[in-house]
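Data block below; observations after.
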Protein chains: 2
Amino acid sequence: MQSALEMQNGSHYRDAHLRIDFERRAAALDSKPLILTVKEFDLLAFLVLNAGMIVSPTALLTHVWGYSTEVRTRTLDVHLSRLRKVLRPYGDVYLERVFRVGCRFQPCGRELQMTA
Amino acid sequence: MQSALEMQNGSHYRDAHLRIDFERRAAALDSKPLILTVKEFDLLAFLVLNAGMIVSPTALLTHVWGYSTEVRTRTLDVHLSRLRKVLRPYGDVYLERVFRVGCRFQPCGRELQMTA
DNA sequence: GCGCGCTTTTACAAGACGTTTACATGTTGT
DNA sequence: ACAACATGTAAACGTCTTGTAAAAGCGCGC
């Protein structure tokens, strides 16, 4: 079953620590491959593709999980926590939580342009 | 009846342990000829020709078996297990399974160029 | 400082997925 | 006709993912 997130072909992300290949669904931190589950990757990808913007929990649950609005769950929170763990020691830097508003992916250091 | 996989003529594969002659449909592990069934060879050949790339079960069932998509079967899994057995003791190294994503052939040691 | 609600983290359970073995059936060779 | 082989499938079991509960920490308004 295809994940809720639909990716553009052949795109990459890279900054000081993190590299993501959206097509191959691969990521690396400081050149070390990250082992991500399907959901973890989808969540990370969505946040990175909206880098710098605060995304609401509702938007995340809708786009990444395919949930309808008005679903009360801590699923997203748990996954954000897992992702922070995977992205240690930069987890707290990359994944910034804004109280009662949402979450934002904060690029680290020198960010290169997304390339196609 | 020709298998679903159509092979290029006269090509070879070779790495530290494995040699494959796609034209003669022959393979050897550490210089010892492998006894492969038609299906086993087709599966191995397809994976080797896509070496390094994760191939989805759907792609494998479509290309190697000629099945349409949406076929629910454990046929592929059983064949991967058989192939791993044939490729012992390197089976687990060559045939890497990525959970919920697919399978990848991982070349072993020094890999020579595929030759035509 | 307190109360309330939000967030983080961990542990657990359930379901999905993957591996392996055994069996059944069809095919092929003698 | 029979034996051997190939291959699909079921079933048992192991592994992994993911949703959720719960405990604890934190933010904010009063």
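Chain naming here is simple, since letters A, B, ... match the order of the sequence lines and numbering starts at 1 in each.
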Open item on the list: I want to confirm an ordering. Mapping K39(B) and H79(A) to their closest nucleotides on DNA chain D, which one lands closer to the 5' end?
Closed with: K39(B)
Task: Comparing Y67(A) and T73(B) on DNA chain D - which has the more 5′ nearest nucleotide - done: T73(B)
Starting the side chain at C-beta, find the nucleotide from [options] nearest to [X].
X: V78(A); options: dT10(C), dT9(D), dT7(D); answer: dT10(C)
X: T75(A); options: dT20(C), dG8(D), dG19(D); answer: dG19(D)
X: R100(A); options: dT19(C), dC6(C), dG8(D); answer: dC6(C)
X: R97(B); options: dT18(D), dG18(C), dT7(D); answer: dG18(C)

In whole angstrom, what separates [X]'s [atom1] from [N]'s [atom2]?
X: I35(A); N: dT15(D); atom1: CD1; atom2: C1'; value: 14 Å
X: L87(B); N: dT20(C); atom1: CG; atom2: P; value: 12 Å
X: D92(A); N: dT8(C); atom1: CG; atom2: C1'; value: 10 Å
X: D42(A); N: dG19(D); atom1: CG; atom2: P; value: 11 Å
X: D77(A); N: dG27(D); atom1: CG; atom2: P; value: 15 Å
X: L60(A); N: dG19(D); atom1: CG; atom2: C1'; value: 16 Å
X: L36(B); N: dT7(D); atom1: CG; atom2: P; value: 10 Å
X: L83(A); N: dT17(D); atom1: CG; atom2: P; value: 14 Å

TODO: Report yes if a donor N or O on one partner sits less than 3.5 Å from an acceptor N or O on the other, where the partners are the side chain of R82(A) and the base of dG19(D); otherwise report no.
DONE: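 Donor-acceptor pair under 3.5 Å: yes.
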Pairs under 3.5 Å (N/O, protein and nucleotides 28-30 of chain D):
none

Open item on the list: Give me each pair satisfying salt bridge (charged side-chain N to carboxylate O under 4.0 Å, His left out) with a member in residues 76-89 of chain A, each pair once, sequence neighbours excluded.
Closed with: R74(A)-D77(A), D77(A)-R97(A), R84(A)-D92(A)
Open item on the list: Tell me whether V78(A) shares a hydrophobic cluster with L60(A), the cluster being built from Ile, Leu, Val, Met, Phe, Trp, Tyr side chains joined at under 4.5 Å.
Closed with: no
Open item on the list: Hydrophobic cluster membership, with links at side-chain heavy-atom distances under 4.5 Å among I/L/V/M/F/W/Y: are V71(B) and F46(B) in one?
Closed with: yes
Open item on the list: Please classify the nucleic acid contact of R74(B) as base, sugar-phosphate, or nothing, using heavy-atom distances under 4.0 Å.
Closed with: base
Task: Short side-chain N/O contact to dT7(D) OP1/OP2 from W65(B), under 4.0 Å - done: no
- [ ] Would you indicate, yes or no, if dT19(C) has its OP1 or OP2 atom less than 4.0 angstrom from a side-chain nitrogen or oxygen of S81(B)?
- [x]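 No, no such contact exists.
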Open item on the list: Less than 3.5 Å apart, any donor N or O on the side chain of D15(A) or Y94(A) sitting next to an acceptor on the other?
Closed with: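 Yes.
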Open item on the list: Do L36(B) and R25(B) make a side-chain contact, defined as non-hydrogen atoms from C-beta onward lying under 4.5 Å apart?
Closed with: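 The answer is no, as the side chains (C-beta and beyond) never meet within the 4.5 Å cut-off.
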TODO: Please say whether more than 12 non-hydrogen atoms of neighbouring residues, nucleotides or ligands are located less than 6.0 Å from CZ in R19(B).
DONE: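 Count not over threshold, so no.
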Open item on the list: Given V64(B), which partner from the list T75(B), D42(B), L47(B) fulfils the side-chain contact (heavy atoms from CB on, under 4.5 Å) test?
Closed with: D42(B)
- [ ] Give me the one residue out of L18(A), N50(A), I54(A) that meets side-chain contact (heavy atoms from CB on, under 4.5 Å) with F105(A).
- [x] L18(A)
Task: Position toward the 5' end of DNA chain C (nearest nucleotide), K85(A) or P57(B) - done: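 The 5'-side residue here is K85(A).
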